[in-house]
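Working notes, beginning with the structure itself.
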Amino acid sequence: MTEPIDWEKKWQDGNTQWDHGESSPALVTLIKEHSDLLPAKGRGLVPGCGSGYDVLLLATPERHMTGLDMSATCVDKLNKEIPKGSNYDFICDDFYNFKYPEGGYDLIYDYTFLCAMPPSMRPQWASRMAEIIKPGGVLVALMFPLEEKEGGPPFGLSVDVYNELLGPNFDNIYLVDAKGHESRIGREKMSVWRRK
């Protein structure tokens, strides 16, 4: 049985070694070269949003993004340090239980969120994604780490794991090797999944 991670304590201690100081270059490339795969307007969510880079990158005048994190310290920091905007916000809540907007989300971006959870929670992650993404909406998943490894987080993942989890409710419409942060090259793929 894997011990739960105390993410709040990690934020309080400043132990955020996963933070690269910016969005992954792989997400920047996706937005620049394949924006047609993303809903141009509506509502989006970044669960486990951390320092909020992806929330700000994905927010547009027509697309409102919400950053969700279970660490109050993290969300307090974001709300103090990032100027208020009309097209994004940050909330502290539990991904599995928070009240999502009526009708669901048009877009969700998952990077280092699934891999932070014990493998036993993966089916719950998949069913929650299917529940809160509206039909025709998309899940952008930057798959990491694509490797077999003991323990975590990050817990090892594979393309097969994503297919198994998402296949019943999503169609995979895009999958490429990702050119992300230098230390993660060869261990990531960018994927886009459309809700059936």
Side-chain angles (χ1 to χ4, degrees), residues 23-24 26-50 52-70 85-144 146 155 157-178 180 188-196:
S23 289
S24 171
L27 179 60
V28 174
T29 299
L30 180 74
I31 292 168
K32 196 179 293 180
E33 297 179 3
H34 299 285
S35 61
D36 57 307
L37 297 175
L38 307 179
K41 57 186 182 181
R43 292 189 142 301
L45 177 73
V46 180
C49 69
Y53 314 120
D54 305 323
V55 174
L56 299 177
L57 182 64
L58 287 163
T60 70
E62 296 82 32
R63 188 170 57 223
H64 183 279
M65 295 299 299
T66 295
L68 174 77
D69 209 285
M70 63 189 309
S86 60
N87 60 343
Y88 62 84
D89 64 338
F90 298 100
I91 59 173
C92 180
D93 214 328
D94 173 8
F95 172 74
Y96 294 100
N97 296 301
F98 83 107
K99 185 169 172 33
Y100 58 93
E102 192 175 339
Y105 288 101
D106 300 277
L107 169 69
I108 293 185
Y109 177 58
D110 182 310
Y111 182 42
T112 67
F113 185 63
L114 176 60
C115 72
M117 281 174 263
S120 62
M121 291 185 70
R122 290 174 180 173
Q124 192 180 352
W125 170 89
S127 63
R128 183 64 165 167
M129 286 296 184
E131 176 189 0
I132 69 177
I133 296 176
K134 63 174 64 169
V138 300
L139 168 62
V140 175
L142 182 45
M143 303 172 169
F144 169 82
L146 296 178
F155 294 93
L157 287 161
S158 68
V159 173
D160 286 344
V161 167
Y162 279 90
N163 283 327
E164 185 181 312
L165 292 171
L166 297 173
N169 295 300
F170 292 84
D171 290 318
N172 180 222
I173 59 171
Y174 183 78
L175 179 65
V176 296
D177 291 337
E188 298 182 313
K189 286 187 186 292
M190 177 59 84
S191 65
V192 181
W193 305 78
R194 182 171 289 130
R195 180 73 169 91
K196 294 176 184 175

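Values reported hereafter were calculated over all heavy atoms of this structure, with side chains retained and with hydrogens, waters and symmetry mates removed.
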Spacing of [X] atom [atom1] and [Y] atom [atom2] [to the nearest 0.5 Å]:
X: F144; Y: L157; atom1: CZ; atom2: CG; result: 9.5 Å
X: Y111; Y: E188; atom1: OH; atom2: CD; result: 3.5 Å
X: T66; Y: D89; atom1: OG1; atom2: CG; result: 3.5 Å
X: R194; Y: L139; atom1: CZ; atom2: CG; result: 12.5 Å
X: I132; Y: Y105; atom1: CD1; atom2: OH; result: 6.0 Å
X: S86; Y: H64; atom1: OG; atom2: NE2; result: 7.5 Å

Please report the closest heavy-atom contact between [X] and [Y], naming both atoms and the distance.
X: N169; Y: A130; answer: ND2-CB, 3.7 Å
X: A141; Y: Y162; answer: CB-CE2, 4.0 Å
X: S24; Y: L142; answer: OG-CD2, 3.5 Å
X: P119; Y: F155; answer: CD-CD2, 3.7 Å
X: T60; Y: A40; answer: OG1-O, 4.0 Å
X: F90; Y: G52; answer: CE2-CA, 3.9 Å

Side-chain heavy atoms of [X] within contact of [Y], under 4.5 Å:
X: L30; Y: Y174; answer: yes
X: F170; Y: K196; answer: no
X: M70; Y: F95; answer: no
X: M129; Y: D110; answer: yes
X: V55; Y: Y109; answer: no
X: L114; Y: R122; answer: yes
X: W193; Y: N163; answer: yes
X: E131; Y: Y100; answer: yes

For this session: Apply side-chain contact (heavy atoms from CB on, under 4.5 Å) to the pair D54 and L27, showing each step before the final yes or no.
Result: CA-CA 8 Å; D54 305 323; L27 179 60; 3.7 Å; yes

Between [X] (side chain only) and [Y] (backbone N and O only), is there a donor and an acceptor less than 3.5 Å apart?
X: R63; Y: L58; answer: yes
X: S191; Y: L175; answer: no
X: S35; Y: K32; answer: no

For this session: Go through V46 and I108 one step at a time and tell me if the side-chain contact (heavy atoms from CB on, under 4.5 Å) criterion holds.
Result: CA-CA 6 Å; V46 180; I108 293 185; over 6 Å; no

Exercise. So, D177 and K189, do they make that salt bridge, N to O below 4.0 Å?
Worked result: yes

Problem set entry | Test: D106 and K134 ion pair at under 4.0 Å | yes

Problem set entry | Y96 six-ring face occupied by R128 cation (under 6.0 Å, within 45°) | no

Exercise. Do N87 and M65 pass the side-chain contact (heavy atoms from CB on, under 4.5 Å) test, and can you show the C-alpha distance, the side-chain angles, and the key distance before you say yes or no?
Worked result: CA-CA 6 Å; N87 60 343; M65 295 299 299; over 6 Å; no

